[in-house]
Amino acid sequence: MGNHKKLQAWVSEVQAMCQPSDVAWCDGTKAEYDHMMQLLVDAGLATKLNEAKRPNSYLFRSDPSDVARVEDRTYISTKNKVDAGPTNNWLAPDELKTIMRGLYQGCMKGRTMYVIPFSMGPIGSPIAKIGVQVTDSPYVVANMHLMTRVGTRVLDTLGSTGEFIPCLHSVGKPLAPGQADNGVWPCAPIEKKYIAHFPEENLIWSFGSGYGGNALLGKKCLALRIASAMGHKEGWMAEHMLIVRLTNPAGRRFHIAAAFPSACGKTNLAMLQPTIKGWKAECLGDDIAWMKIKDDGRLYAINPEAGFFGVAPGTSYNSNPMAMDSIRANAIFTNCVLTDDNDVWWEGMDVPCTHGIDWKGKDWTPASGQVGAHGNARFTAPASQCPVICSDWENPEGVPIDIFIFGGRRTRVMPLVHQAMNWDHGVFMGATAASEPTAAALDVKSALRRDPMAMLPFCGYNVGDYWNHWFKMGDRLGNKAPAIFYVNWFRKNDKGKWLWPGFGDNSRVLKWMCERVEGKADAIQTPIGLMPKPQDLDLTGLDIPAEDLQELLKVDVNAFAGELEDLDNYMGKVGDRLPKRMKDQVAQYKARLGRG
Ligand code: OXD
Ligand code: MN
């Protein structure tokens with residue numbers, strides 16, 4: 001348990017409030033992991049999968065009320081509401097703490113309280129941070145083993161006075177004497193769930209959910225919400241970005257960090273296998289990048305996580321073979337179908353499944369009329385198991401970023417790729433990134449979900465200040481700043497046909513970006529930014545009709561102008577904290593569209 005007085009005092013305080021039956025300090029060993037799984041199997045919460053097909057792997061089914069992040073119940077609690085900004089739920093710290101202390105009182109009765117020291121980032125890296133999560137969920141302990149670096153080495157690094165971020169978590173379901181979970185996923189009803197962040201004191205309190213980003217507090221809570229606020233104060237960046245290394249046939253390396261909203265193919269791009277000859281891609285991370293400017297003036301990124309917590313449905317040997325290989329063993333599955341031979345299955349796995357047990361624990365066949373796996377069913381697996389993991393993925397110094405990519409899912413209007421004319425324009429592109437939520441709402445202008453830098457649910461402070469931070473980082477980086485691009489892999493034609501093949505063929509677009517960085521490729525100026533001419537894209541071996549390519553690279557000025565009202569409303573919501581430089585970008589954009 002180390003000899004850190006502040007940590008010990010905090011753990012004692014939480015113990016007195018939550019009243020667990022005992023306390024266990026986690027050491028991060030395999031024996032501990034196996035013990036957690038045994039407890040979970042005994043409690044009827046985990047099913048051990050077929051050892052021959054998927055060694056050392058387990059399936060869980062959560063409660064139907066506890067299947068995803070709960071954005072409505074997620075709070076950024078700052079003294080002044082304006083510091084949380086227009087994109088976050090807010091309650092004053094005193095008020096929220098009073099409510100939550102009431103909920104935490106006795107909430108761990110009948111359970112063990114685990115203390116998990118963890119490092120986000122390679123232990124000892126100058127960019128890494130240490131957190132300590134207290135939880136009453138063995139499922140969380142096991143997942144934290146895969147997603148972060150857990151254990152005694154972290155406590156050693158912390159020493160007796162090191163800084164740590166306290167992360168308090170409870171599933172909110174105390175057990176009466178003699179009571180056990182008996183196969184029922186423990187959590188609290190939705191109105192008692194709270195995912196609270198106190199960025200002014202680097203503190204996280206989560207209550208009532210045992211699932212994913214609500215409960216594995218190193219990921220969205222620490223590595224994005226708290227870290228983004230720390231980065232703002234300390235002059236670095238915590239972003240919702242994958243990191244990938246591309247090597248061209250001449251052996252030159254390019255490091256790309258890309259931000260897309262959830263369910264826009266981040267994990268696929270992170271593990272893409274180029275379809276163009278001589279190009280190689282290696283994965284460094286699929287969800288989060290922490291970036292600092294180093295002495296050479298460049299921006300260096302690390303992946304603070306140690307594993308993948310990916311969406312299972314849609315993942316197949318066609319769409320993402322590297323992810324499929326990453327989860328062949330030592331993986332945790334949540335809310336997938338259990339097949340008759342004790343393996344897992346989900347929609348879009350591209351292999352047949354004629355019968356199984358669905359995510360609700362019911363007998364299932366494809367004729368049931370309902371999906372077998374929940375749409376947000378997940379896999380958790382160690383990043384080291386990815387066949388294309390980059391040898392530098394744990395390099396404590398990080399990798400220098402050459403290219404930033406933003407994007408979203410748009411079936412209309414937004415072309416395949418465009419490049420920012422300069423840093424400020426790139427910040428504007430990221431800030432205004434948008435996805436269409438459903439095809440049914442296409443004609444409704446307000447149906448665009450703006451997701452600034454894909455950080456809408458993850459920015460731990462005022463989004464206007466966040467944009468200002470981006471502008472200032474650009475000032476510091478000067479001509480060493482990454483080039484910024486915007487992509488849309490999801491264009492369709494009028495008949496609803498996809499115009500771009502996507503997946504490994506996205507390497508063709510990445511190639512153009514690398515050539516732009518090297519000063520080797522041309523671009524044409526359009527009102528939205530710099531774009532390739534059709535002949536600038538390497539389409540060797542692809543059979544894309546000329547009219548499709550033209551459509552993919554078209555800038556429909558009227559269509560963009562039709563979105564200006566939505567843009568004004570969106571910017572208007574930021575109020576007084578909207579940076580002058582963002583207002584200038586909006587004005588310049590309107591002028592380029594001839595609507596100035
Ligand atoms: C995730 C998300 O789980 O962005 O990574 O929702
Ligand atoms: Mn994510």
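Hydrogens, waters and symmetry mates play no part in the numbers below; they use all other heavy atoms, side chains included. Counting starts at 1 for both ligands and their atoms, in listed order.
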Q.
Less than 3.5 Å apart, any donor N or O on the side chain of Gln370 or Asp358 sitting next to an acceptor on the other?
A. no
**Q.** Atom indices of ligand 1, in the order listed, that fall short of 4.0 Å to a heavy atom of Asp287
**A.** 5 (O)
Q | Numbered atoms of ligand 1 (with element) below 4.0 Å of His240, judged on heavy atoms | A | 4 (O)
Q. Which bit of Phe458 is near ligand 1, meaning a heavy atom under 4.0 Å away: side chain, backbone, both or neither?
A. side chain
Q | Identity and distance of the protein heavy atom lying nearest atom 4 (O) of ligand 1 | A | Ser262 OG, 2.8 Å
Q: Give a yes or no on whether Lys220 keeps an N, O or S atom under 2.8 Å from the Mn ion (ligand 2).
A: yes
**Q.** Candidate pair Trp498 and Phe503, rule ring-ring contact (aromatic ring centres under 6.0 Å, His included), full reasoning
**A.** CA-CA 12 Å; Trp498 298 111; Phe503 303 109; 9.5 Å; no
Q. Would you call Lys492 and Glu436 a salt bridge, using N to O less than 4.0 angstrom?
A. no
Q | Flag for Asn506-Trp500: side-chain donor and acceptor within less than 3.5 Å | A | yes
Q: State whether the side chain of Asn214 and the backbone N or O of Ala68 hold a donor-acceptor pair below 3.5 Å, judged by distance alone.
A: yes
Q) Which is closest to atom 3 (O) of ligand 1 in terms of heavy atoms, Lys219, Arg378, Arg69? A) Arg378
**Q.** Degrees at the Mn ion (ligand 2) between the NE2 atom of His240 and the OD1 atom of Asp287, nearest 10°
**A.** 90°
Q.
What protein heavy atom lies closest to atom 5 (O) of ligand 1? Include the residue and the distance to one decimal.
A. Lys220 NZ, 2.9 Å
Q: Test Asp402 against every option in Arg245, Arg298, Arg253 by the salt bridge (charged side-chain N to carboxylate O under 4.0 Å, His left out) rule and name the one that passes.
A: Arg298
